[in-house]
Enquirer: 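Before I ask anything, here is the structure I am working with.
Chain identifiers are assigned alphabetically (A, B, ...) following the order of the sequence lines, protein sequences preceding nucleic acid strands; residue numbering begins at 1 within each chain.
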There are 2 protein chains.
Amino acid sequence: MAGRFVYAWPRPAVAVDAVVFGVLLGPSPSLEVLLIRRGLAPFAGRWALPGGFVGEDEDLEVAARRELAEETGLSGFYLEQLATYGRPGRDPRGHTVSVAWLALVRRLDHVPVGGTDAREAAWFPVEALPPLAFDHGEILAAGRERLRRRLRYSPIGFELLPPQFTLGELQALVELIDGAPADKRNFRRKVEASGVLVDTGLHRRGPQRPARLFSFDRARYDALEGRGFDL
Amino acid sequence: MAGRFVYAWPRPAVAVDAVVFGVLLGPSPSLEVLLIRRGLAPFAGRWALPGGFVGEDEDLEVAARRELAEETGLSGFYLEQLATYGRPGRDPRGHTVSVAWLALVRRLDHVPVGGTDAREAAWFPVEALPPLAFDHGEILAAGRERLRRRLRYSPIGFELLPPQFTLGELQALVELIDGAPADKRNFRRKVEASGVLVDTGLHRRGPQRPARLFSFDRARYDALEGRGFDL
DNA sequence: ACAAAAGTGTTCTAGTTACACCCATGG
DNA sequence: CCATGGGTGTAACTAGAACACTTTTGT
């Protein structure tokens, strides 16, 4: 079986890194990113995207989910591939090609992710990020941009909200991600017209007038074949 | 400096592959893809996307351009990253992670790309593709989909046309890529309103009434900051 | 003369925007 | 009773869709 490999070692190392977004609603809503603090060189002590090296014969998505589980305890979240970064020099240890992923989680399912071992994980508002290791700042910016665009024509926003949510929360989410305020009446008319929300009949009680709780109806969305949904 | 590498050999191999599109206009326009015929196992004799392994400390985009130059003689084309494929088993030689790229070329700049050595390269209409090696069929489909979507909100279509083109050619291109006929009057009104075309004053003479030649004005497009361009 | 593609306006519809007040609750 | 977010309709404007005939050239 000699000669079956086209080129020999050394080769670039292959890693995965994830930009994990979550939102915090309430009085001052914020879009947040989950970061881990590095214990080892290079960039020891610096904050970085969660991630790590891909194992032998390991699928890329499997590797991304594994690393997130190991480093932050997350599981069962939305995950899509973002882009791959391979500029020589981006990792001082040697040429490393990193496949970046976009992950969306329900923020409240993962309150302060306790750092039991050397690794510490924490949520940071995107408006107040620490300096990041490697080229992770660039990757994170690409993730934000992807999230913003994708929100327009696919229903991934619901991955960030609890299963039941008020229209005010949904609107706050949209405003958060594309950074611009939306007209309340027009917004409500549009989501109603989209036909993908169902009124649960329940209400959320708070310090003000109770708000109706809605949920996203995926079956109804799929039936529309993605036609014209945009939030 | 011992211990600086986090994990040791073996690692996945890293490759690049490109989906190269070109259009042939004229009486029966077609969208075509540039493929090469493999000389070596695995899949010897099968058609495949042009591509190859990434060199030590080689940038991914540089590797993609180098492989395309080596295998097809192309240079100076539009190139954007598509996605990365790393399913174990996708390459029978061993775990290979391939970064796929979307390339757009002016078809007439590269008429039958002569196969001087063992490698043979040829254009295939997307409607009549041969069976492809590896998972290249899947990658090609992703490239088509990306091209279709991207055409809507960025001016990459012009990368497929000659520097000067008629409105009929531009419309044929759009119809080709999204597979649906467009209304001639509405189409012309829209591109005129976009303000990104300049009338060169020249005409193309043919067997019928001569058509005005237009060119794409990138400076004017950039000034609009991508606002509302859609073809 | 004829075949073939170029070129040209109007009407209707649907979707998007702008805009302000009352309601229900907890404290 | 007050503060806070929840909830509601209408009119103007804009963008997109539908639609058919005349013009210019080569053969």
Enquirer: Taking atom P of dC19(C) as reference, at what distance in whole Å does atom CG of N186(A) sit?
Expert: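 Result: 11 Å.
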
Enquirer: Nearest whole Å is fine: how far is dT8(C) P from Q171(B) CD?
Expert: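 Nearest whole value for this atom pair: 14 Å.
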
Enquirer: For R209(B) and dA4(C), give me the distance from atom CZ to atom C1', rounded to whole Å.
Expert: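 Those two atoms, CZ and C1', are 12 Å apart.
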
Enquirer: I need the CZ-C1' distance between R188(B) and dG7(C), as an integer number of Å.
Expert: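 Result: 6 Å.
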
Enquirer: Can you say whether a donor on the side chain of R189(B) sits under 3.5 Å from an acceptor on the base of dG9(C), or the other way round?
Expert: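 Per atom types, the contact qualifies.
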
Enquirer: Are R150(A) and E80(A) ion-paired here, with the side-chain N under 4.0 Å from a carboxylate O?
Expert: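 Judged by the 4.0 Å cut-off on N to carboxylate O distance, R150(A) and E80(A) do form a salt bridge.
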
Enquirer: Report yes if a donor N or O on one partner sits less than 3.5 Å from an acceptor N or O on the other, where the partners are the side chain of R205(B) and the base of dT24(D); otherwise report no.
Expert: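 Not at all, since no donor on one side and acceptor on the other fall under 3.5 Å apart.
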
Enquirer: Starting from the 5' end of DNA chain D, give me the residue, P207(A) or E169(A), whose nearest nucleotide shows up first.
Expert: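 Result of the comparison: P207(A).
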
Enquirer: Charged N to carboxylate O under 4.0 angstrom, R148(A) versus D178(A)?
Expert: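 No, no charged N to carboxylate O under 4.0 Å.
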
Enquirer: Any side-chain N or O of R185(A) under 4.0 Å from OP1/OP2 of dC19(C)?
Expert: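 Answer is no, no contact under 4.0 Å.
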
Enquirer: Ignoring hydrogens and angles, are the base of dG7(D) and the side chain of K184(A) linked by a donor-acceptor pair under 3.5 Å?
Expert: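 Side chain to base: pair found, below 3.5 Å.
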
Enquirer: Less than 4.0 Å between a side-chain N and a carboxylate O, is that true for E145(B) and R152(B)?
Expert: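 So R152(B) does not pair with E145(B) through a salt bridge.
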
Enquirer: Whole Å only: how far is the CG atom of D183(B) from the P atom of dT11(C)?
Expert: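 Interatomic distance, CG of D183(B) to P of dT11(C): 16 Å.
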
Enquirer: Whole angstrom is fine here: how far is it from NZ in K190(B) over to P in dA17(D)?
Expert: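 So the NZ-P distance, K190(B) to dA17(D), works out to 6 Å.
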
Enquirer: Looking at D217(A) and R220(A), is there a salt bridge between them, counting it only when a charged N and a carboxylate O are closer than 4.0 Å?
Expert: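 D217(A) and R220(A): salt-bridged.
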
Enquirer: Return the value, rounded to whole Å, for the distance between atom CG of D199(A) and atom P of dG6(D).
Expert: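 The distance from CG of D199(A) to P of dG6(D) comes to 14 Å, rounded to the nearest Å.
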
Enquirer: Output the rounded distance in Å from CZ (R212(B)) to P (dT24(D)).
Expert: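 R212(B) atom CZ is separated from dT24(D) atom P by 12 Å.
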
